[in-house]
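Presented below is the structure to which this report refers.
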Amino acid sequence: MNLLTATLDDDGPNDGRGARLILRLGRIGLALAAGAGAAVAHPPFGFLPGLLGYALLMFLAERSTSVRGAFWMGWLAGFAYFFISCWWVAEAFLVNPAQAWMAPFAASLLPIGLGLFWGTATALYRRFLPGGVKRVLFFAALFCLLEWLRGHVLTGFPWNPAGASWKAGSAASQFAAIGGVYGLSFITVAAAAAFGPLLNAGPRKARVGAAVLGALVIAGLVIGGAVRLSQARLELTDTVVRIVQADVDQESKWTPEAYRGIVDRYVNLTARPGAVTPDLIIWPEGALPASANQVFAPGSPEAAAIARAVQPGQSLIMGLGRGLPDPSAPEGARYFNSLFVLTDQGGDGLAITAVYDKYRLVPFGEYLPAGDLLGALGVRSLTHMPTDFSAGPRPAPIDIPGAPRAQPLICYESLYPSFTPGAAGRPAWIVNISNDAWFGRSSGPLQHLNLASYRAIETGLPIVRSTPTGVSAMIDPWGRVIGDQRLEPGESGVIDARLPRPTEVTLYGRVGDLLFWLVVLAGLATGAPWHRLRRLRPSV
């Protein structure tokens, strides 16, 4: 059976093959439009009417005459959504001209795989399909359950969950302080899908009532968040942080000729005079095109230059790869993507006072899943490395001389809500170093900033974010970039700013995803086949 036939089971007239083909092509187009609409609701596009794509997707699943047809509706919508959301992954393969041929495959294979989660959600929805407007809650619950799985299965890829459609720091985004980004996803999908019954036949009062209720929920999100922001009072600590963005492109980073110049850029920006003397300086992930073993080697000119730039009492956070001897490893060593805290101790020079090894590694970027098998097939070249990184322990706060206790997150670890303690053991701030230079001036770095900012809303903690090429920023505990404390893609410079104080512990910080699971289970209960269970109950 071909893709069109499998995708769209005809529930229209059967009086002509051409008419049926036109109908099927039309529904394919609508499914793609549903996913594309939901995708462009996200920053940097911000076209919020695109959220109605979830209503259209629910309608298309209902109109499919089979579970299989509903699956293909969801898969097509998911493909469009993730193609628009994640096309920037192709940029990483354009860095090395020898790998440029892989770019279109990377941009296509990722949405092909991620679309399976959407297809599974719509297939299950069509399989149980409860009656009445309560199906809106059932659809939202199934959809968000599969989105949660997308963020966790095989380490997960939680890029652009539905709740992150709202720009971080906006009024509607503040609900994440209560239910997290997944709880906000449920509210968002349910409110948008409530307009779906308008496309169906049935009692007009119930259909209009569902749409009105959806509109009221969205209004409630905005009004409630606006009230929270109106009560926000930004307080600053005495700790002054300098965020360094040297604007080093990934393409030119690894040539021997460029190395000295890159070191000089970072060192000069670090030592640049300012209105105040920073207590803490932050460089991004992979700041220098060298390993920590090279940079910190005895007699290293790089270490000497860095030591001259860092003043007594100051600390420097920087990201570098490092290798540790391990006889049990295939190459005799293990490699980590690490964050280092260096502190100038006066006459003794710089000392490493804390190290954090990245816990959640990027598949195909930092390690090769099923490495032995795929390595034998020649896929290892996709990782840009001859060997895999190893994962460190689960993220935990670290102590930094001269600054409050911080939670380190490297690169896309900032996509995961559960990595920062929100109550017991809660740090005072989050430091997120990232290397978004891989993705050029695409939408990727802008979306990464938005997604990372949700961790501030959920935990009530400020975030200091440093990248080589942008976007670097100081983010307040409500997810907002503070004033002009932001360096855009392509800018070189520093941000000197006082570190904000955290808010009181948020509800999400106390209970995590508990509220999300409660609403998902309640939504699933609306579609459970209770009548079948009653038939199975033994008579007394």
Side-chain angles (χ1 to χ4, degrees), residues 42-45 82 84-96 99 103 106-107 110 157-160 164 167-168 243-254 258 262 265-266 269 282-289 317-321 337-339 356 358 360-366 382-385 389 408-416 419 430-456 463-475 479 481 485-495:
H42 285 271
F45 313 105
F82 293 110
I84 293 173
S85 294
C86 302
W87 68 269
W88 45 263
V89 300
E91 291 279 342
F93 295 92
L94 300 178
V95 170
N96 182 352
Q99 295 179 331
L110 184 62
F157 185 72
W159 193 269
N160 279 3
K167 182 180 178 181
I243 305 170
V244 175
Q245 180 171 301
D247 190 30
V248 178
D249 291 333
Q250 198 68 23
E251 292 89 338
S252 59
K253 185 175 180 178
W254 294 97
I262 293 171
R265 278 199 215 183
Y266 278 103
L269 288 170
I282 302 178
W283 292 8
E285 174 194 21
L288 303 180
I317 290 177
M318 64 187 304
L320 291 171
N337 185 354
S338 304
L339 175 151
Y356 165 72
K358 188 176 182 182
R360 186 53 50 88
L361 302 175
V362 181
F364 298 102
E366 293 172 320
L382 292 172
T383 64
H384 309 281
M385 292 186 60
F389 278 119
L409 296 174
I410 298 178
C411 195
Y412 97 141
E413 288 184 324
S414 63
L415 306 186
Y416 293 84
F419 284 173
I430 298 170
V431 54
N432 175 215
I433 61 171
S434 184
N435 185 5
D436 290 359
W438 284 106
F439 310 116
R441 299 192 186 184
S442 66
S443 59
L446 299 173
Q447 291 179 351
H448 199 179
L449 172 70
N450 186 63
L451 296 168
S453 299
Y454 267 87
R455 308 293 81 80
I463 296 178
V464 181
R465 191 163 192 271
S466 178
T467 72
T469 56
V471 180
S472 301
M474 178 71 78
I475 302 162
V481 173
Q485 296 173 12
R486 168 174 173 150
L487 291 169
E488 300 292 344
E491 287 189 78
S492 175
V494 301
I495 299 170

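The structure displayed is predicted, hence computed values, not measured ones.
With hydrogens and angles disregarded, no donor-acceptor distance shorter than 3.5 Å links the side chain of Glu491 to the backbone of Gly470. Gln447 contributes a side-chain N or O that, together with a main-chain N or O of Pro43, makes up a donor-acceptor pair within less than 3.5 Å. Of the possible polar contacts, none joining the Asn337 side chain to the Leu361 backbone as a donor-acceptor pair under 3.5 Å is found. Between the side chain of Asn432 and the main chain of Leu409, a donor-acceptor pair closer than 3.5 Å is present. Ser466 places a side-chain N or O within donor-acceptor distance of the main-chain N or O of Val244, the cut-off being under 3.5 Å.
Expressed to the nearest 0.5 Å, how far OG1 of Thr469 lies from CZ of Phe439 amounts to 10.0 Å. Residue Arg455 holds its CZ atom at 7.5 Å from CD1 of Ile463, rounded to the nearest 0.5 Å. A distance of 6.5 Å separates OG in Ser492 from CZ in Arg265, rounded to the nearest 0.5 Å. Atom SG of residue Cys86 and atom CG of residue Asn160 lie 6.5 Å apart, to the nearest 0.5 angstrom. Annotation: the span from Leu451 atom CG to His42 atom NE2 amounts to 8.0 Å, rounded to 0.5 Å. Here the straight-line distance linking atom CD of Gln245 with atom CH2 of Trp283 works out to 14.5 Å at 0.5 Å rounding.
Across Ala246 and Leu269, no two heavy atoms sit closer than the pair CA-CD1, 3.7 Å. Here the closest heavy-atom approach between residue Ile243 and residue Ala473 is recorded as CD1-O, 3.6 Å. For the residue pair Ala452 and Arg465, the shortest heavy atom distance occurs at CB-NE, 4.0 Å. Nearest heavy atoms, Pro408 versus Tyr356: CG-CG, 3.6 Å. Across all non-hydrogen atoms, the minimal contact from Ala437 to Pro468 is CB-CG, 4.2 Å. Of all the heavy atoms in Leu446 and Pro44, the pair that sits closest is CD1-CB, 3.8 Å.
With Thr467 as reference, Asp436 is the one residue of Asn435, Asp436, Asp247 to meet the side chain to side chain contact (heavy atoms under 4.5 Å, CB included) rule. When each of Trp88, Tyr412, Tyr454, Trp159 is tested with His448 by the rule ring-ring contact (aromatic ring centres under 6.0 Å, His included), just one qualifies, namely Trp159.
Within the 4.5 Å cutoff, no side-chain heavy atoms of Ser434 are placed close to those of Ile410. Put simply, the side chain of Ile475 reaches to within 4.5 Å of the side chain of Leu449, judged on heavy atoms. The side-chain heavy atoms of Leu110 and Phe82, taken from C-beta on, include no pair separated by under 4.5 Å. At a threshold of 4.5 Å between non-hydrogen side-chain atoms, the residues Ser443 and Trp87 count as touching. Side-chain contact between Pro284 and Tyr266 is present, with at least one heavy-atom pair separated by less than 4.5 Å. Between Leu288 and Met318 there is a side-chain heavy-atom pair separated by less than 4.5 Å.
Seen from the ring of Phe419, Arg360 does not count as a face-on cation partner, given the 6.0 Å and 45° thresholds.
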